[in-house]
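Input: a single structure, listed below in structure tokens.
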Amino acid sequence: MKNERLVVHYDNEPIYDIVFRESYQNLIDELKLLNVQNKKLCIVTDSNVEKLYAKELQELLKEISSMVSVFSFQAGEESKNIATVQRLYEHLILNKFDRKDMLLALGGGVVGDLTGFAAATYLRGIDFVQLPTTLLSQVDSSIGGKTGVDFECYKNMVGAFYQPKLVYMNLSTLNSLDDKQYHSGIAEIYKHGLIKDKIFFEWLIQNMNEIQNRNIDILKEMICHSCDIKRVVVENDPKEKGERALLNLGHTVGHSIEKLTNFSLLHGECVSVGIVSAAYISYKKGYIKEEEFNYIKSNLINFKLPISIKYPDLNSKHVLETTKLDKKMESGHIKFVLLKDIGNAFIDHTITDKELLEAINYVLIGDNNE
Ligand SMILES: NC(=O)c1ccc[n+]([C@@H]2O[C@H](COP(=O)([O-])OP(=O)(O)OC[C@H]3O[C@@H](n4cnc5c(N)ncnc54)[C@H](O)[C@@H]3O)[C@@H](O)[C@H]2O)c1
Ligand SMILES: O=C(O)C(=O)C[C@@H](O)[C@H](O)[C@H](O)COP(=O)(O)O
Ligand SMILES: [Zn+2]
């Protein structure tokens with residue numbers, strides 16, 4: 001691995017480190033650098049990750065704090081809501097957490113987004129660190145400070161930009177991750193290549209077998225490179241005033257599908273279908289060639305990701321309407337990410353309902369459409 005660490009800067013100031021390791025051995029030293037000794041620490045995690053890693057972490061943290069508690073909630077996107085945040089606030093109040101104390105988000109993107117939001121809002125802000133344990137959270141959600149929860153299944157409707165003090169990933173946690181979750185993470189990596197880095201995109205395809213077999217050296221290279229693509233984008237535009245919206249490739253349609261299927265598909269799977277809809281419009285509008293469109297689709301399939309969806313009662317008009325209730329609207333126009341080329345995305349404000357409907361129809365299988 002070329003780097004064991006990346007540093008995220010805002011306004012040329014280093015804000016937090018992203019550390020890549022294969023155990024939690026160095027975590028205590030990293031936390032000491034943040035002066036957490038004798039602060040109260042709360043490990044926030046979900047029911048699956050708690051069983052796997054919370055005990056080990058809690059034992060380790062006793063070296064620097066005598067007050068380490070665990071707050072755990074039912075695993076799954078269904079828990080990413082304000083009710084779970086409220087229970088976390090209650091836990092913090094009962095355990096007398098003050099503004100100098102710290103939360104540690106141990107888990108996937110659900111844990112990270114929710115913990116970050118609680119940290120941003122509890123006592124108007126306490127420190128938190130990200131300890132991502134899924135591929136998706138390691139390459140994407142732990143970086144950049146987008147925190148939040150869903151509201152009545154509308155994705156990430158309530159949230160804050162709030163930066164962690166540290167992102168520490170123990171890559172060995174991926175050993176317990178199942179293939180479906182692993183492939184979901186690949187979708188965001190694929191997205192990073194598509195929007196910013198054609199060479200990396202080709203590298204992913206060339207190394208597909210090693211990636212599928214989770215060859216550790218390839219995995220490290222892939223994770224580190226993907227984090228670096230996201231790092232550059234969020235440094236340039238921390239609060240999504242411009243370029244950062246490129247990270248939303250595939251999310252316009254993706255988020256609607258996620259909501260309308262009641263979270264029965266994984267986030268990365270919905271992003272994959274959403275990428276196909278965006279690539280379809282890019283092709284139809286003459287930006288990418290048909291061969292490129294097919295290449296994008298066939299490699300999603302090779303990475304075991306869906307390129308279309310069949311779901312009872314899901315129709316394209318409904319997906320379109322839901323899309324307009326997401327956060328992608330600007331003065332009545334949908335902000336849509338398209339591809340000029342593989343590795344070169346741009347933000348378009350001119351997509352018509354007709355074009356979007358056609359793209360949604362393209363990815364919906366079945367006879368639910370009028
Ligand atoms: N903030 C951002 O920038 C950003 C970026 C991308 C996605 N997201 C959000 O992230 C969420 C998706 O994250 P996710 O894919 O990590 O889902 P997740 O957090 O639900 O984790 C997926 C599943 O894997 C389990 N798990 C976690 N780590 C494990 C491990 N090491 N071994 C075995 N099982 C493990 C979890 O318990 C869960 O059941 C969505 O809510 C999405 O909106 C946020
Ligand atoms: O970090 C970002 O910016 C992203 O858009 C990354 C996405 O992969 C992620 O799913 C994000 O949560 C979507 O943000 P939203 O603002 O569209 O909800
Ligand atoms: Zn995403």
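Both counts, for ligands and for their atoms, begin at 1 and track the order of listing. In what follows, every heavy atom counts, from backbone to side chain, and hydrogens, waters and symmetry copies are set aside.
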Quick test: of every protein heavy atom, which one is nearest to [atom], and how far off is it to 0.1 Å?
{"atom": "atom 1 (O) of ligand 2", "answer": "K230 NZ, 2.6 Å"}
{"atom": "atom 40 (C) of ligand 1", "answer": "E77 OE1, 3.2 Å"}
{"atom": "atom 25 (C) of ligand 1", "answer": "N48 ND2, 4.2 Å"}

Close-contact set for ligand 1 against [X] heavy atoms, below 4.0 Å:
{"X": "K230", "answer": "3 (O)"}
{"X": "K146", "answer": "1 (N), 3 (O)"}
{"X": "A75", "answer": "37 (O), 39 (O)"}
{"X": "K155", "answer": "40 (C), 41 (O), 42 (C), 43 (O)"}

Does any N or O atom in E188 lie less than 3.5 angstrom from one in ligand 1, N or O only?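 For ligand 1, there is no N or O atom that lies under 3.5 Å from one belonging to E188.
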What do you reckon, does S176 have a nitrogen or oxygen under 3.5 Å from a nitrogen or oxygen of ligand 1?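 Yes - when backbone and side-chain N and O of S176 are compared with those of ligand 1, one distance drops under 3.5 Å.
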List ligand 2 atoms under 4.0 Å from H267, heavy atoms only on the residue side.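 This gives 10 (O) as the contact atoms.
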Numbering the atoms of ligand 2 from 1, which are under 4.0 Å from a heavy atom of K191? 6 (C), 7 (C), 8 (O)
Taking the six-membered ring for Trp, are F20 and Y168 ring centroids under 6.0 Å apart? no
Looking only at N, O or S atoms in E188, which is nearest to the Zn ion (ligand 3)?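 Considering only N, O and S atoms, E188 comes nearest to the Zn ion (ligand 3) through OE2.
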Using the six-membered ring wherever Trp is involved, compare the ring planes of H255 and H267 and label them parallel, tilted or perpendicular (cut-offs 30° and 60°). tilted
